[in-house]
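First the structure, in the form of structure tokens, and then the observations on it.
The first residue of the sequence shown is numbered 1, and numbering continues consecutively from there.
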Amino acid sequence: QVQLVESGGGLVQAGDSLRLSCAASGRTFSSRAMGWFRQAPGKEREFVATINWSGGSTSYADSVKGRFTISRDNAKNTVYLQMNSLKPEDTGVYSCAGRRYSTMWVGPGGYDYWGQGTQVTVSS
């Protein structure tokens, strides 16, 4: 069983930056692809970014490309989401997710483990 705990959310102004962290339990973290998703009130969960087991491959939603960066530190069992130039439309609950497999995936159905989420609110 893998447990994921997110941190780093908060209330910021448009144009600010935040870094989210997701700490994972278990010894198999380094073999798993990870992802970040977000859900705004009244909307479905949407893909934000994913990273493969080594950190050598990443993929982003078009809406965050060039502003967000996903990375991981396998020695610390942690995956990060650096968010720059935040916009009000980035507001939502951001959740970290883990796969059983080492390769990236952009759909939520491809993930087996989920954190509780952390709230990000961007004011205009």
Side-chain angles (χ1 to χ4, degrees):
Q1 187 72 10
V2 175
Q3 292 187 326
L4 305 174
V5 179
E6 302 95 336
S7 61
L11 171 63
V12 297
Q13 293 187 333
D16 285 350
S17 298
L18 275 177
R19 188 176 82 156
L20 305 183
S21 299
C22 172
S25 65
R27 294 176 292 178
T28 59
F29 173 81
S30 61
S31 65
R32 302 179 185 276
M34 302 293 293
W36 284 97
F37 291 79
R38 67 186 181 189
Q39 187 167 20
K43 295 188 177 181
E44 291 187 356
R45 178 182 286 168
E46 66 171 345
F47 165 75
V48 175
T50 183
I51 189 167
N52 75 335
W53 69 277
S54 68
S57 295
T58 58
S59 182
Y60 298 90
D62 287 343
S63 58
V64 307
K65 203 171 292 183
R67 300 187 297 122
F68 290 12
T69 302
I70 188 172
S71 62
R72 66 190 297 159
D73 185 337
N74 286 342
K76 295 182 177 179
N77 277 17
T78 302
V79 63
Y80 304 98
L81 185 69
Q82 177 67 44
M83 306 186 294
N84 298 329
S85 303
L86 282 161
K87 304 175 181 180
E89 51 263 45
D90 294 319
T91 295
V93 175
Y94 283 69
S95 297
C96 170
R99 300 197 66 202
R100 295 181 184 178
Y101 308 105
S102 61
T103 51
M104 303 184 295
W105 201 260
V106 299
Y111 290 80
D112 305 286
Y113 309 101
W114 292 86
Q116 296 280 52
T118 185
Q119 177 71 44
V120 172
T121 303
V122 184
S123 63
S124 57

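For the atom pair T28 OG1 and R100 CZ, the distance stands at 11.0 Å (nearest 0.5 Å). For the atom pair CD of Q119 and CD of E6, the computed distance is 12.0 Å after rounding to the nearest 0.5 Å. Atom-to-atom distance recorded for K87:NZ and S124:OG is 13.5 Å, nearest 0.5 angstrom. The OG atom of S59 sits 11.0 Å away from atom CG of N52, with the distance rounded to the nearest 0.5 Å. Within the model, atoms OG of S30 and NZ of K76 stand 15.5 Å from one another, a figure rounded to the nearest 0.5 Å. Rounding to the nearest 0.5 angstrom, the gap separating the SG atom in C22 from the CG atom in N77 is 10.0 Å.
Among all heavy-atom pairs drawn from M104 and S57, the shortest one is SD-O, 3.3 Å. What you find for S17 and N84 is that their closest heavy atoms are OG-OD1, 2.9 Å. Shortest non-hydrogen contact noted between G115 and S95 is O-OG, 4.3 Å. Residue R38 comes nearest to E46 through the heavy atom pair NE-OE2, 2.6 Å, listed as atom of the first residue, atom of the second, then distance. Considering all non-hydrogen atoms of both residues, Y111 and A97 come closest at CD2-CB, 3.4 Å.
Summarising the local packing, CH2 of W105 is surrounded by 12 or fewer heavy atoms from other residues, nucleotides or ligands at distances under 6.0 Å.
One N or O on the side chain of R67 and one on the backbone of S85 form a donor-acceptor pair closer than 3.5 Å. In this structure a side-chain-to-backbone donor-acceptor pair under 3.5 Å is present from R99 to G110. In this structure, the side chain of D16 does not engage the main chain of L11 through any donor-acceptor pair within 3.5 Å.
The existence of a salt bridge linking R32 and D112 is excluded, since no basic side-chain nitrogen approaches an acidic carboxylate oxygen closer than 4.0 Å. Under a 4.0 Å N-O distance rule, the pair K65/D62 qualifies as a salt bridge.
L20 shares a hydrophobic cluster with V2, L4, V12, L18, F29, M34, W36, V48, I51, Y60, V64, F68, I70, V79, L81, M83, L86, Y94, Y113, V120, V122; the chain of contacts runs through ILVMFWY side chains whose heavy atoms sit under 4.5 Å apart. Through side-chain heavy atoms spaced under 4.5 Å, either directly or across other Ile, Leu, Val, Met, Phe, Trp or Tyr residues, V5 is tied to no other residue.
You'll find the side chain of Q39 stays beyond 4.5 Å of the side chain of P108, heavy atoms only.
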